[in-house]
Amino acid sequence: MLSLTAFLFPSCPDLLLEEMTCEGQTLFLTVRSSKQAVACSVCEHIAVKVHSRYTRSLADLSLMEYAVVLRVQVRRFFCSNPACVRQTFAEPFADLAVAHARRTSRQASRLSAIAKELGGRPAARESENVQMPVSRHTLLRLLRRCPVPEAPTPRVLGVDDWSIRKGQTYGTLLVDLERHRIVEVLPDREAQTLQAWLTVHPGVEIISRDRAGTYAQGASKGAPTAIHTNLHSHMPDRYEGSK
Ligand SMILES: [Zn+2]
């Protein structure tokens, strides 16, 4: 029979589930590594002597209407190599999450997919519906981290800002309005950034945008021959994922 740990963490064969507790609508799963020895992150010498332990919290995929938080018991090891620059190092949980992340890789990837599919506010709402609530700011950061696959330059481009609330903007979404997919996430909403993107992506014929000021300036300089239209007559409620 499949063990519970193997069922919950199919891609983490070295993980052990120690404890499961429930507080409100959140399940807390305490996990640790079953490995006796770990290779040093710098010199790769095998280390067995534990220096200290601490708990790392990782938000994970929700389970049966419950939010899930992993409490990962992390060991810090002494490096056994006297010549190594690292005296101690924390064991990595590479199968579970990238270094310093606050969520598991599988949660990050699910949230990125939701952000790509739905865009700003609807994506943040959906993240709450599926018990993995995150802000639009976090969704934008996740999107920026995941590479946008090469897509053909759109003929009809939607330019939309991504804001948490009025007056606070964190980026610009460029959407192919014919294919209904995000082609790029720009890190700000400056005219120069949009202009630079348009300059290296010639071929945009129609630019559909909001906000007369900044985007108009960037759009006319970057794509002087393109026709400009009002964004809200074109922008779909949902963006199709890039993959
Ligand atoms: Zn070392």
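Every number for a ligand or one of its atoms is a count from 1 in the order of the listing.
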Using a cut-off of 2.8 Å, how many protein N, O or S atoms sit around the Zn ion (ligand 1)? 4

Please determine, by modelled atom types, if S112 and S109 share a side-chain donor-acceptor pair under 3.5 angstrom. no

Give the ring-plane orientation class for H51 versus F78, where under 30° counts as parallel, over 60° as perpendicular and anything between as tilted. perpendicular

Any idea which heavy atoms bring L118 and A123 closest together, and the distance? CB-N, 3.8 Å

Check side-chain hydrogen bond (donor to acceptor under 3.5 Å, both in side chains) between R110 and all other residues, then give those that pass, not counting sequence neighbours. none

Pairing residues for A196 by the side-chain contact (heavy atoms from CB on, under 4.5 Å) criterion, not counting sequence neighbours: none

Kindly state each residue pair satisfying salt bridge (charged side-chain N to carboxylate O under 4.0 Å, His left out) with at least one member in residues 89-109, sequence neighbours excluded. D60-R106, R75-E91

